[in-house]
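Structure first, then comments.
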Amino acid sequence: QVQLVESGGGLVQAGGSLRLSCTASGRLFSTYDLAWFRQAPGKEREFVAVISSVGVEHSIRSVKGRFTISRDNAKNTLYLQMNNLKPEDTAVYYCAAGSRGLRVGRSEYDYWGQGTQVTVSS
C-alpha cells in the first residue's frame, strides 16, 4: 500500500514556474513507476509525464522542453518542475504510482494522490 500526497501548487503568471512534489509513505517506493496526470475543469484527466522505476522518462508533447519529471528515492518523493507555464496548463495535478511500466492510461496506476491546484493567469 502506498499513500501519496501532492504539494507545491498555486497561482502563477504565464511564463512563471512551479515545482510540484509528491511524497509517498509506505514501502518499496523505488520499485514503482510514477506519473503525473492533470485534470482541467470540464475535461478528462490526462497523462502528463511518467518516470519508471529505473529512471526512464516519457511526457506528452505539449510539455516537452517545459516540464521535467524526476524522483528522489531516498526521500520517497516525485517532482514535476514546470517552467514557462501557460494558461492551458491550469488544472488539478495528480501523482500516481503503478507497476506496469511507462503507461499513459489512468487505469494502469494503482495509487493516487488527492491533487494540487495549479492556476496560470494570462
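Of all heavy-atom pairs spanning Asp89 and Arg66, the tightest one is OD2-NH1, 2.7 Å. Closest heavy-atom contact between Ser99 and Asp110: N-OD2, 4.3 Å. The shortest non-hydrogen separation linking Asp33 to Gly101 is OD2-N, 2.8 Å. Closest approach of Ala14 and Pro87 over heavy atoms only: CB-CD, 4.1 Å. Across every non-hydrogen atom of Ala24 and Leu4, the tightest pair is CB-CD2, 3.6 Å.
Partners of Gln117 by side-chain hydrogen bond (donor to acceptor under 3.5 Å, both in side chains), not counting sequence neighbours, listed by chain and number: Thr119. Partners of Tyr109 under the ring pair (Phe, Tyr, Trp, His ring centres under 6.0 Å) rule, at least two apart in sequence or in another chain, are Phe37.
Each of Val50, Leu102, Ile51 was scored for a side chain to side chain contact (heavy atoms under 4.5 Å, CB included) with Val56, with one residue passing: Leu102. When each of Leu80, Leu20, Thr116, Leu78 is paired with Glu6, the side chain to side chain contact (heavy atoms under 4.5 Å, CB included) condition holds for Thr116 and for no other.
Note that Arg45 lies in the cation-pi zone of Trp112, set by a 6.0 Å cut-off to the ring centre and a 45° limit from the axis.
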### Message
What verdict does the side-chain contact (heavy atoms from CB on, under 4.5 Å) test give for Gln114 and Tyr94, after you've listed the backbone C-alpha separation in whole Å, the side-chain angles of each residue and the deciding distance to 0.1 Å?
### Response
CA-CA 7 Å; Gln114 84 289 347; Tyr94 299 88; 6.0 Å; no
### Query
Can you check side-chain contact (heavy atoms from CB on, under 4.5 Å) on Arg38 and Val63, steps first, answer last?
CA-CA 12 Å; Arg38 65 186 179 186; Val63 306; 4.2 Å; yes
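Between Leu34 and Phe29 the shortest side-chain heavy-atom distance falls below 4.5 Å. At a threshold of 4.5 Å between non-hydrogen side-chain atoms, the residues Ile69 and Tyr79 do not count as touching. Between Val118 and Leu18, some side-chain heavy-atom pair lies under the 4.5 Å cut-off.
Atoms NZ and OG1, on Lys86 and Thr90 in that order, are 12.5 Å from each other to the nearest 0.5 Å. Here CZ of Arg71 is found 9.5 Å from CG of Asn76. Values are rounded to the nearest 0.5 Å. How far CH2 of Trp36 is from CZ of Phe47: 12.5 Å, rounded to the nearest 0.5 Å.
Among residues at least two apart or in separate chains, disulfide bond (SG atoms under 2.5 Å apart) pairs with a member in residues 7-104 are Cys22-Cys95. Here disulfide bond (SG atoms under 2.5 Å apart) pairs that include residues 50-89, with residues two or more places apart or in two chains, number zero. Applying the side chain to side chain donor-acceptor pair (under 3.5 Å) rule to pairs touching residues 48-61 yields Ser59-Lys64, sequence neighbours excluded. Pairs engaging residues 15-26 under the side chain to side chain donor-acceptor pair (under 3.5 Å) rule: Gln3-Ser25, Ser17-Asn83 [sequence neighbours left out].
Glu44 and Arg106 are joined by a salt bridge, as a carboxylate oxygen and a charged side-chain nitrogen come within less than 4.0 angstrom of each other.
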